Amino acid sequence: MPTNEQRRAAAKRKLERQMVYRQQRAKKRRIIAVVSTVVVVALVGGGVWWLATHDFGNGDAAASETPQKESVDKAENIPTALHQIPKRPQALPAKVNCEYTKGQEPAAKENTPPANGEQSASGTVAVTLGTSIGDLKLNLDRSLAPCTVNNFVNLAKQKYFDNTTCHRLTVKGIQVLQCGDPGGDGRGGPGYSFKDETYPELTYGRGVLAMANSGPDTNGSQFFIVYGDTQLKPDYTVFGTVDEESLKKIDEVAKTGTISQTPGQGDGKPKTPVDIKSATVAN
């Protein structure tokens with residue numbers, strides 16, 4: 001039978017173990033809280049959002065210590081018919097005023113913003129993206145979004161898009177390939193922003209070229225190519241189209257799949273990289 005002294009010693013050891021355990025749990029909770037705060041600030045304050053809210057997942061401390069297995073989700077039922085060519089229900093004036101406002105975040109790649117002032121709202125501009133999967137041919141339409149077209153051409157001529165990668169491919173819910181961030185993580189931009197050029201009748205579908213944003217009037221350099229079914233609110237400026245042959249190349253990338261952090265999510269980096277080597281504006 002243990003003596004009183006032995007019982008006191010055993011109780012003391014038990015108490016010490018409990019205190020260490022509680023301290024460890026408290027420390028872990030503090031770390032999780034700090035990391036969560038940093039993530040929220042980074043996403044809301046410094047990041048360029050993706051097209052729709054992206055769920056990064058959550059869980060308790062024990063779950064967070066277990067690494068998630070990546071999965072490759074592949075596109076299915078990609079439509080072949082092109083979306084109707086976008087057209088404004090009411091034409092813009094012959095010229096519109098464009099303003100490019102410096103932001104709080106530094107540019108992901110050095111560039112000179114376009115000059116503020118009037119831009120023509122008529123005519124088209126052909127741009128060829130030389131990529132690792134072949135040439136992607138874009139037709140930019142000033143009648144849809146003159147300020148956006150001016151911005152894209154300005155960045156392309158400065159080689160802003162050269163040697164960058166398309167960081168996002170979605171294969172479920174919406175079917176788009178997203179590019180335009182030199183940093184390759186979806187958070188980078190040119191260091192300035194400009195207003196949306198949207199209208200209520202906007203729809204999205206195969207062949208549409210549009211701007212990604214982080215909320216109203218936050219356009220920068222990120223854009224997306226719609227290769228399949230995509231139901232979105234008219235919150236993303238459409239500024240042109242992509243030709244059919246280019247879309248077929250993107251189809252093959254989508255069929256290879258996207259690397260999702262959560263199985264079945266259908267949203268992540270394309271398994272087949274789409275690297276933009278050059279962006280050439282036709283004279």
Side-chain angles (χ1 to χ4, degrees), residues 48-49 51 82-105 107-129 136-162 178-182 188-205 207-226 232-243 246 276 278-283:
V48 173
W49 289 0
L51 310 182
L82 294 176
H83 190 67
Q84 62 185 12
I85 296 177
K87 185 177 180 180
R88 282 182 173 271
Q90 184 174 354
L92 293 168
K95 291 187 176 182
V96 300
N97 187 58
C98 300
E99 293 185 1
Y100 305 93
T101 306
K102 185 177 180 180
Q104 295 182 348
E105 295 298 317
K109 186 176 182 178
E110 185 177 352
N111 71 91
T112 301
N116 293 336
E118 290 188 334
Q119 291 294 323
S120 172
S122 64
T124 60
V125 182
V127 176
T128 300
L129 300 180
L136 303 181
K137 296 186 178 297
L138 318 180
N139 186 55
L140 314 188
D141 191 342
R142 292 192 184 96
S143 70
L144 292 172
C147 299
T148 304
V149 171
N150 182 51
N151 175 70
F152 195 93
V153 169
N154 178 69
L155 290 174
K157 287 183 175 180
Q158 294 183 72
K159 303 185 182 301
Y160 181 89
F161 299 115
D162 292 12
Q178 188 168 332
C179 319
D181 171 21
Y192 61 86
S193 63
F194 56 98
K195 291 183 178 180
D196 298 328
E197 296 179 283
T198 56
Y199 47 94
E201 296 82 3
L202 261 179
T203 56
Y204 307 85
V208 165
L209 177 66
M211 293 296 292
N213 62 51
S214 59
D217 302 329
T218 58
N219 302 284
S221 61
Q222 291 192 40
F223 62 95
F224 61 93
I225 297 170
V226 183
L232 291 169
K233 293 180 180 180
D235 296 337
Y236 306 94
T237 297
V238 171
F239 65 106
T241 54
V242 182
D243 78 354
S246 300
I276 299 175
S278 63
T280 305
V281 179
N283 295 327

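Fair warning: this is a prediction, and the values are worked out from it, not measured in the lab.
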Q: With rounding to the nearest 0.5 Å, note down the distance linking CG in Leu144 to OG1 in Thr237.
A: 10.0 Å
Q) So Phe223 and Phe152, would you call those rings parallel, tilted or perpendicular, with 30° and 60° as cut-offs? A) perpendicular
Q. For Leu140, which of Thr241, Leu209, Thr124 qualifies under side-chain contact (heavy atoms from CB on, under 4.5 Å)?
A. Leu209
**Q.** Side chain proximity check, Val125 to Arg142, heavy atoms < 4.5 angstrom
**A.** yes
Q. Where do Ala210 and Phe239 come nearest, in terms of heavy atoms and distance?
A. C-CE2, 3.6 Å
Q: Report yes if some heavy atom in the side chain of Pro86 is under 4.5 Å from a heavy atom in the side chain of Val208; otherwise report no.
A: yes
Q: Enter the distance from Leu82:CG to Asp243:CG here, rounded to the nearest 0.5 Å.
A: 9.0 Å
Q. Does some side-chain heavy atom of Leu92 sit less than 4.5 Å from a side-chain heavy atom of Pro146?
A. yes
Q | Distance in Å, Glu118 CD paired with Asn97 CG, rounded so as to fall on 0.5 Å steps | A | 6.5 Å
**Q.** Separation of Asn111 CG from Ser221 OG (nearest 0.5 Å)
**A.** 8.0 Å
Q. Mind checking what makes side-chain contact (heavy atoms from CB on, under 4.5 Å) contact with Pro182, not counting sequence neighbours?
A. Ala108, Lys109, Tyr160, Thr164
**Q.** Donor-acceptor contact below 3.5 Å, side chain Asp162 vs main chain Ile276
**A.** no
**Q.** Residue pair Tyr100 / Asn150, side-chain donor-acceptor N/O under 3.5 Å
**A.** yes
Extract all donor-acceptor atom pairs below 3.5 Å that involve side chains of residues 194-202 and protein atoms in other chains or at least two apart in sequence.
| unit_1 | atom_1 | unit_2 | atom_2 | d |
| --- | --- | --- | --- | --- |
| Asp196 | OD1 | Asp217 | N | 3.4 |
| Asp196 | OD1 | Asn219 | ND2 | 2.8 |
| Asp196 | OD2 | Asp217 | N | 3.0 |
| Glu197 | OE1 | Cys147 | N | 3.3 |
| Glu197 | OE1 | Thr148 | N | 2.8 |
| Glu197 | OE1 | Thr148 | OG1 | 2.6 |
| Glu197 | OE2 | Cys147 | N | 3.1 |

Q. How close do Ala121 and Pro93 get, heavy atom to heavy atom, and via which atoms?
A. CB-O, 3.2 Å
Q.
Measuring only between side-chain heavy atoms, which start at C-beta, is Gln158 closer than 4.5 Å to Thr112?
A. yes
Q. Are any non-hydrogen side-chain atoms of Asn213 and Gln222 less than 4.5 angstrom apart?
A. no
Q: Side-chain contact test, heavy atoms from C-beta onward, threshold under 4.5 Å: evaluate it for Ser278 versus Phe161 and give yes or no.
A: no
(Q) Nearest 0.5 Å, please: how far is CG in Leu138 from CD1 in Ile225? (A) 5.5 Å
(Q) Can you pull out every ring-ring contact (aromatic ring centres under 6.0 Å, His included) where at least one residue sits in residues 110-129? Sequence neighbours excluded, please. (A) none
Q) Just how far is it from atom OG1 of Thr218 to atom CE of Met211, taken to the nearest 0.5 Å? A) 9.0 Å
